[in-house]
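Read the structure below first, then the notes.
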Amino acid sequence: MSFVITTPLYYVNDKPHLGSVYTTLICDAIARYKRLLGEDVIFITGVDEHGLKIQRTANEKGIEPKSHCDEISEIFNINWKNWDISFDKFIRTSSKNHELVVNEFYERVKASDDIYMGVQKGWYCVGCEEFKDNPSNSSTYKCPIHQKNLEWKNEENLFFKLSKYQKKIEKIINEPSFIEPIERRNEILNFVSKGLKDFSISRTNVSWGIPVPGYDNHTFYVWFDALLGYVSAISSDKADHSLEKSINGGWPADIHLIGKDILRFHAVYWPAMLISAGMKVPKKVFGHGFLTREGQKMGKSLGNVLDPNLLLSKYGNDPVRWYLIKDISLGNDGDFQDRRFVDIINNDLANTIGNLLNRTSSMSRKWFDNKVPNNEKISKENKLEFLASASVENYINKFNIYKLDQAANEVLSLAINTNLYLNERQPWLLIKESDKLPAVKEIIYNVLESTRIIGLLLQPLLPELSSKINLQLGSTYQKDVPWKQQLQWGQLIGDTKLPKPTPIINKLEYE
RNA sequence: GUCUCGGUAGCUCAGCUGGUUAGAGCGGCGGAUUCAUAGCCCGCAGGUCGCGUGUUCAAGUCACGCUCGAGACACCA
């Protein structure tokens, strides 16, 4: 059984922004987590390259759409590597194999008698190049963006019989686990209950797209094409790619993680399309929130767009991951605040976790010949062992239901509890009494062990920091041993050499 | 316009089916300690729980109204 997780296929109109980085980082954490649990993960990301907007952007730059897409796609690809994203597939919707899959899919949908030629008519703004749905549309209505009169337009389009799937879609979205979070689910339920209308899947005025077989001047509407990228991605690296290859390769997706703005396409149109083609629907569509900055919407007009690459180069990968994962609850909107960012990183990562490792390792080295002490096990019950196993359990429970922020907080509280334990036991006093040596050994072993577990728990969230922690404990994550097994108490081996501790994370300064 | 969600300490937010002195983290202030990255640990924050009315023995927690904010109401992704 494979676990298929997808980011949206990002529109190549512009380079990656913080929002796409956010989505992708979350997916990466989930993908890493599932791999640690031993699942066969297919982590899909990629780019959506067709459509009028791209065509126009390329025209403005005076280049072919294809070269524009090559350029931006490469930026995305490099970008994800810089962020250490562990994706398995990177799909480009302009690729040949994708086109083959789209055509095959289209044939299936056609065979289900779900395609017909219709007329898209309505009030059209030439400036926006789109139809405006205006209840009181009259010829005097002006487009609010362009301040121009609308034109009445008829356009021949191929339509997909979405209305036919009303009942089936209702059934799917009624399943509480299908759409998360629940607030978004209500919106979709409400939308669907008003009755589904067929939607057009082809355009006649867009040349940059996949041609519809049999209709010379038609190309597929970008959404019809883009959603299929999730499917074609699965077989993208196969020599002979076909729809069947993708289906057998792991479809359906276990989770589509997307921004809340594109929920409807994923939770309504997409399942209907899939049913029509005789395919399975995704198991879950998760619409996360948006990021604001210092309480304000980010936008070009406000000039407050936060460049993710700047964050990466200035602060590094793990701090950004920690902030976005731990401080924003998945599904809610989140606010990026410079001050808070610095505080959180310094407190959580440097002071609580980093310093714990540092003080622990220092004591052990100082008193036990630069080594891990042997576990004396003199106490009847081990408080830290109890706390650690509780944290591991909670962490896994939270992660399984995609409450990543709570999982992260679980790690943090284990670190806090471990610091607390140290302060209670005060081994630095006990060490002065020679008969207390066994007790000191036990305490130090426990604390080192707890720290090792903290490091392991951080593996899917902060891969870099995690390995740094374990390295300093002389205990690396072992690929051949199940992660859950390594999370069990008591795996740290006595007499292991401890390297000289160095800070695993530098403190940030607020400017 | 219709509908949905939210308005709780300086900031970010927890508070499930109503019930002892309303909680956490961060920031701020004070204290104790030294193994450690001036760090960890301990204590302090007296907040009309947006406003008003009502239901109730009892409401942050329910109902209604108002107000402010976010969002949905189909082909921009």
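This one's a predicted model, so the numbers in the text were calculated from it and none came from an experiment. All chains are named by letter (A, B, ...) in the order of the sequence lines, taking the proteins before the strands, and each is independently numbered beginning at 1.
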For this session: Please confirm whether A:Arg185 makes a cation-pi placement over A:Phe178, using NZ or CZ under 6.0 Å from the six-membered ring centre and within 45° of the ring normal.
Result: no

For this session: Quick one: which residue pairs count as a ring pair (Phe, Tyr, Trp, His ring centres under 6.0 Å) with a foot in residues 326-345 of chain A, not counting sequence neighbours?
Result: A:Tyr315-A:Phe341, A:Tyr323-A:Phe336, A:Tyr323-A:Phe341, A:Phe336-A:Phe341

For this session: Rounded off to whole Å, could you give me the CG-to-P distance for the A:Leu189 and B:U2 pair?
Result: 22 Å

Exercise. A:Tyr11 side chain: which of B:C40, B:A77, B:U12 is closest?
Worked result: B:A77

Problem set entry | Spacing between A:Asp333 atom CG and B:C5 atom C1', to the nearest angstrom | 11 Å

Could you go through residues 409-421 of chain A and list every donor-acceptor pair under 3.5 Å that involves a side-chain atom there, pairing it with any protein atom two or more places apart or in another chain?
from     : atom 1 : to       : atom 2 : distance (Å)
A:Asn409 : ND2    : A:Asp405 : O      : 3.2
A:Glu410 : OE2    : A:Asn394 : ND2    : 3.3
A:Ser413 : OG     : A:Asn409 : O      : 3.3
A:Ser413 : OG     : A:Glu410 : O      : 3.0
A:Asn417 : ND2    : A:Ser413 : O      : 3.2
A:Thr418 : OG1    : A:Leu414 : O      : 2.6
A:Thr418 : OG1    : A:Ser450 : OG     : 2.8
A:Asn419 : OD1    : A:Arg359 : NH1    : 2.7
A:Asn419 : ND2    : A:Thr352 : O      : 3.3
A:Tyr421 : OH     : A:Asn446 : ND2    : 3.1

Exercise. Taking the side chain of A:Leu429 as heavy atoms from C-beta outward, which of B:C42, B:C26, B:U34 is closest to it?
Worked result: B:U34

Exercise. Which whole number of Å gives the distance between the C1' atom of B:C5 and that of B:G19?
Worked result: 27 Å

For this session: Report which part of the nucleic acid A:Asp48 touches: base, sugar-phosphate, or nothing (heavy-atom distance under 4.0 Å, all strands).
Result: sugar-phosphate

Exercise. Is A:Arg425 touching bases, backbone alone, or none of the nucleic acid, heavy atoms closer than 4.0 Å?
Worked result: nothing

For this session: Have a look at A:Asn186 and say if it touches a base, only the backbone sugar-phosphate, or nothing, with a 4.0 Å heavy-atom cut-off.
Result: nothing

Exercise. At under 4.0 Å between heavy atoms, what does A:Ile431 touch on the DNA or RNA strands: base, sugar-phosphate, or nothing?
Worked result: nothing

For this session: Indicate whether any N or O donor in one side chain lies under 3.5 Å from an N or O acceptor in the other, for A:His98 and A:Thr93.
Result: no

For this session: Answer with base, sugar-phosphate or nothing: what part of the nucleic acid does A:Leu196 contact at a heavy-atom distance below 4.0 Å?
Result: base

Exercise. For A:Asn351, which contact category applies under a 4.0 Å heavy-atom criterion: base, sugar-phosphate, or nothing?
Worked result: sugar-phosphate

Exercise. Which whole-number value in Å describes the distance from A:Ile179 CD1 to B:U4 C1'?
Worked result: 14 Å

Exercise. Can you find a side chain N or O atom of A:Trp367 that sits less than 4.0 Å from OP1 or OP2 on B:C35?
Worked result: no

Problem set entry | Pairing partner of B:G47 (Watson-Crick or G-U wobble, both distances under 3.5 Å) | none

Problem set entry | A:Gln166 CD - B:A74 P separation (whole Å) | 14 Å

Problem set entry | Value in whole Å for how far the C1' atom of B:C40 lies from CG of A:Leu412 | 13 Å

Problem set entry | A:Arg264 vs B:C73: side-chain N/O to OP1/OP2 distance below 4.0 Å | yes

Exercise. Within this structure, what is the CD1-to-C1' distance between A:Ile416 and B:G25, rounded to whole angstrom?
Worked result: 8 Å

Problem set entry | Nearest-Å distance for atom pair CZ/P, residues A:Phe265 and B:C73 | 9 Å

Exercise. For the rings on A:Tyr10 and A:Trp80, is their centre-to-centre separation under 6.0 Å?
Worked result: yes

Exercise. For A:Asn190 and B:G71, what is the distance between atoms CG and P respectively, to the nearest whole Å?
Worked result: 17 Å

Problem set entry | Sugar-phosphate, base or nothing in reach of A:Ser362, heavy atoms under 4.0 Å | sugar-phosphate

